[in-house]
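Working notes for the structure below.
Start at 1 with the first residue, then count along the sequence.
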Amino acid sequence: MTDKIANWTAADDAMVENAIRRGATRRDLLKLMLAGGVAVSSAGIILGRASQAVAATPVSGGAFKAAGWSSSTADTLDPAKASLSTDYVRCCSLYNRLTFIDKAGVTQMELAESIESKDAKTWTVKLRKGVTFHDGKALTADDVVFSLKRHLDPGVGSKVAKIAAQMTGFKAVDKSTVEITLADPNADLPTILALHHFMIVANGTTDFSKGNGTGAFVLETFDPGNRSIVVKNKNYWKSGQPYLDSFEFFAISDDNARVNALLSGDIHLAAAINPRAMKLIDGQSGFALSKTTSGNYTNLNMRLDMAPGNKKDFVDGMKSLVNREQIVKSALRGLGEVANDQPVSPANIYHNNDLKPKTFDPDKAKFHFQKAGVLGQSIPVIASDAATSSIDMAMIIQAAGADIGMKLDVQRVPSDGYWDNYWLKAPIHFGNINPRPTPDILFSLLYASNAPWNESQYKSEKFDRMLVEARGLLDQAKRKQIYGEMQTMIAEEAGTIIPAYISNVDAISSKVNGLEANPLGGMMGYAMAEYLWLQA
């Protein structure tokens with residue numbers, strides 16, 4: 001038989017792709033190509049190419065069902081009050097933001113056509129034209145001003161009120177232009193506006209039960225604590241989107257039950273499954289795992305203003321005692337990336353790739369412990385299930401300490417009350433931090449001298465000055481340089497050990513296409529519904 005792949009045309013590829021879409025089996029397709037004189041080896045190449053092309057081509061239609069891990073009767077469609085992933089997913093399907101963060105961590109425009117400033121203090125926002133809300137009202141500057149000003153009203157109870165407080169002036173210059181004035185320069189404003197809470201709602205909205213936004217879907221059903229159903233917005237301003245006809249979302253709190261719902265075909269996606277539940281999928285055809293490492297981490301905190309953390313050699317010894325690779329492999333079951341003791345993850349464009357994680361070196365750790373005069377003493381370490389995987393991490397560190405005569409007394413305390421009674425308070429304890437989109441937010445929250453969550457009571461006037469300087473710079477190269485140096489300062493000087501960035505894993509049916517990682521979290525930064533499609 002003659003190999004005719006050289007004569008194979010684009011029209012022939014299209015024929016095979018169409019046959020796949022109609023449901024032709026692999027055997028049927030191979031017979032078709034072999035009958036046409038294509039060699040078996042070439043037929044396999046052509047079929048693989050066609051299958052990839054079909055998978056990469058969005059298909060319209062289908063009812064998508066997904067299950068998250070938490071919900072309550074406090075579930076809301078008010079973006080300002082959103083507090084759970086469940087809220088974020090629903091708000092992302094109904095509303096749009098002025099900007100969004102893409103899979104590479106780069107801020108892109110959404111409802112805004114452009115956001116510009118000459119001094120990082122006064123910003124001009126140009127809005128897209130032709131955008132309408134679900135009720136038919138056209139998007140205007142007044143809607144943006146109303147949406148942003150709501151966060152400053154204590155009566156609203158916005159979850160980002162402190163972040164929004166820097167916005168001190170709002171002006172609708174014309175129907176499609178907004179001017180935002182900040183109290184102090186902040187070059188991160190376009191990225192801040194990509195946070196889920198800054199979705200744009202219609203001017204004057206007080207009733208959010210209808211979910212009236214400019215988003216890809218229109219609300220059909222919303223039962224707080226139970227489920228929501230949204231249907232395709234046929235007048236959506238993004239041409240060709242969304243691909244799905246409808247999207248149903250609810251929560252199944254038990255990990256195994258969530259995965260079993262996926263395996264039984266009741267849902268297409270089971271969000272945020274744990275390593276133990278992942279075993280249920282092993283060897284099962286027709287399912288896959290979607291992994292996102294976006295900056296969530298569990299860290300060990302040593303307060304620098306309390307013994308023994310007030311001795312630098314003790315802190316340095318602990319940093320050499322932590323086996324980061326083993327923590328990823330054992331405590332996180334491989335679902336993580338080794339970190340370098342600072343909070344800006346590789347998913348962020350400002351991550352310092354030159355800062356290497358400290359090497360596991362028990363002998364060096366022993367030297368520092370001896371110098372600090374703590375070797376042989378019993379040192380309490382507080383851990384809890386409230387801080388993801390902290391119990392397992394503590395056991396690994398404790399075992400390494402025992403090998404060199406360092407007695408770490410791991411005290412496991414209940415989850416209930418942990419954040420109020422132990423976090424930020426105990427001399428040595430674990431924390432768990434969710435991803436934030438900018439170094440400025442992370443540093444302001446966790447490491448500035450006046451940071452509300454300064455876990456190790458790290459204080460540096462130089463660090464504080466650099467934080468203010470970088471915040472107001474529009475020169476991105478200079479900002480990256482400063483942020484890189486600040487990450488090094490944290491890793492070397494602070495009393496926090498960040499051994500790994502934890503991965504989020506969503507389990508999906510192989511029918512689901514278009515799901516990508518996003519720095520804002522799993523389920524495509526919670527915005528998956530707009531971008532996914534289902535293969536028949």
List the atom of [X], the atom of [Y], and the distance in Å for their closest heavy-atom pair.
X    : Y    : value
M489 : M466 : SD-SD, 3.8 Å
G514 : W533 : CA-CZ3, 3.6 Å
A272 : N504 : CB-OD1, 3.3 Å
P435 : N296 : CG-N, 3.6 Å
S449 : S460 : OG-N, 3.5 Å
L534 : V59  : O-CB, 4.0 Å

request  = Give the intermediate values and the outcome of side-chain contact (heavy atoms from CB on, under 4.5 Å) for residues M393 and T298.
outcome  = CA-CA 9 Å; M393 290 184 186; T298 292; 3.8 Å; yes
Spacing of [atom1] belonging to [X] relative to [atom2] belonging to [Y], to within rounding of 0.5 Å:
X    : Y    : atom1 : atom2 : value
I163 : I441 : CD1   : CD1   : 4.5 Å
S384 : N432 : OG    : CG    : 10.5 Å
Q411 : I382 : CD    : CD1   : 4.0 Å
D440 : L189 : CG    : CG    : 11.5 Å
R97  : M199 : CZ    : CE    : 4.0 Å
I273 : D506 : CD1   : CG    : 8.0 Å

Would the distance check show the side chain of [X] and the main-chain N or O of [Y] forming a donor-acceptor pair, the cut-off being under 3.5 Å?
X    : Y    : answer
N352 : Q487 : no
D341 : I490 : no
K319 : I497 : no
N348 : P437 : yes
S228 : F222 : no
N518 : I101 : yes
N301 : I428 : no

Only distances under 3.5 Å count here; give the side-chain donor-acceptor pairs of residues 245-252 to other protein atoms, sequence neighbours excluded, each with its distance to 0.1 Å.
from	atom 1	to	atom 2	distance (Å)
D245	OD2	G62	N	3.3
E248	OE2	R227	NH1	3.3

From CA spacing to verdict: side-chain hydrogen bond (donor to acceptor under 3.5 Å, both in side chains), T107, T191 = CA-CA 6 Å; T107 303; T191 302; 2.7 Å; yes
Lys/Arg N to Asp/Glu carboxylate O, [X] vs [Y], below 4.0 Å:
X    : Y    : result
D255 : R258 : yes
D87  : K81  : no
D316 : K358 : no

request  = Could you walk me through whether T99 and E110 pass the side-chain contact (heavy atoms from CB on, under 4.5 Å) test, one step at a time?
outcome  = CA-CA 5 Å; T99 62; E110 192 164 62; 5.7 Å; no
Sequence-distant partners of [X], side-chain hydrogen bond (donor to acceptor under 3.5 Å, both in side chains), two or more places apart:
X    : result
T293 : S503
D223 : N226
D385 : R412
R479 : D188, Y350, Y483

key: T76 and D78: CA distance, side-chain angles, deciding distance, side-chain hydrogen bond (donor to acceptor under 3.5 Å, both in side chains) verdict   = CA-CA 5 Å; T76 181; D78 182 347; 5.2 Å; no
Give a yes or no on this: more than 12 heavy atoms of other residues, nucleotides or ligands lie within 6.0 Å of atom [atom1] of [X].
X    : atom1 : result
K480 : NZ    : yes
K511 : NZ    : no
K291 : NZ    : yes
N434 : CG    : yes
K210 : NZ    : no
K279 : NZ    : no

request  = Applying ring-ring contact (aromatic ring centres under 6.0 Å, His included), name anything that partners Y236, two or more places apart in sequence or on another chain.
outcome  =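 In terms of ring-ring contact (aromatic ring centres under 6.0 Å, His included), with neighbours along the sequence ignored, Y236 is linked to no residue.
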Contacts of H151 that satisfy ring-ring contact (aromatic ring centres under 6.0 Å, His included) - sequence neighbours left out =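 So H151 forms a ring-ring contact (aromatic ring centres under 6.0 Å, His included) with F198.
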query = Is there side-chain contact between I192 and N186, with at least one heavy-atom pair below 4.5 Å?
reply =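 A side-chain contact under 4.5 Å exists here.
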key: Polar contact flag, side-chain donor to acceptor under 3.5 angstrom, T496-S456   =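 Short answer, no.
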query = Under the side chain to side chain contact (heavy atoms under 4.5 Å, CB included) test, which residues partner Q326, sequence neighbours left out?
reply =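 For Q326 the side chain to side chain contact (heavy atoms under 4.5 Å, CB included) partners, ignoring immediate neighbours, are N323, S330, I396.
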request  = Could you list the residues that satisfy side chain to side chain contact (heavy atoms under 4.5 Å, CB included) with T359, not counting sequence neighbours?
outcome  =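 For T359, no residue satisfies side chain to side chain contact (heavy atoms under 4.5 Å, CB included) once neighbours in sequence are set aside.
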I need the full list of ring-ring contact (aromatic ring centres under 6.0 Å, His included) pairs touching [range], with sequence neighbours left out, sorted by first then second residue.
range            : value
residues 78-106  : Y88-H196, Y88-H197, Y88-Y526
residues 258-286 : F64-H268
residues 490-516 : none

inquiry  = Before you tell me yes or no, could you show the steps for T86 and D75 under side-chain hydrogen bond (donor to acceptor under 3.5 Å, both in side chains), namely the whole-Å CA-CA distance, both residues' side-chain angles and the distance that decides it to 0.1 Å?
reply    = CA-CA 7 Å; T86 309; D75 287 353; 5.1 Å; no
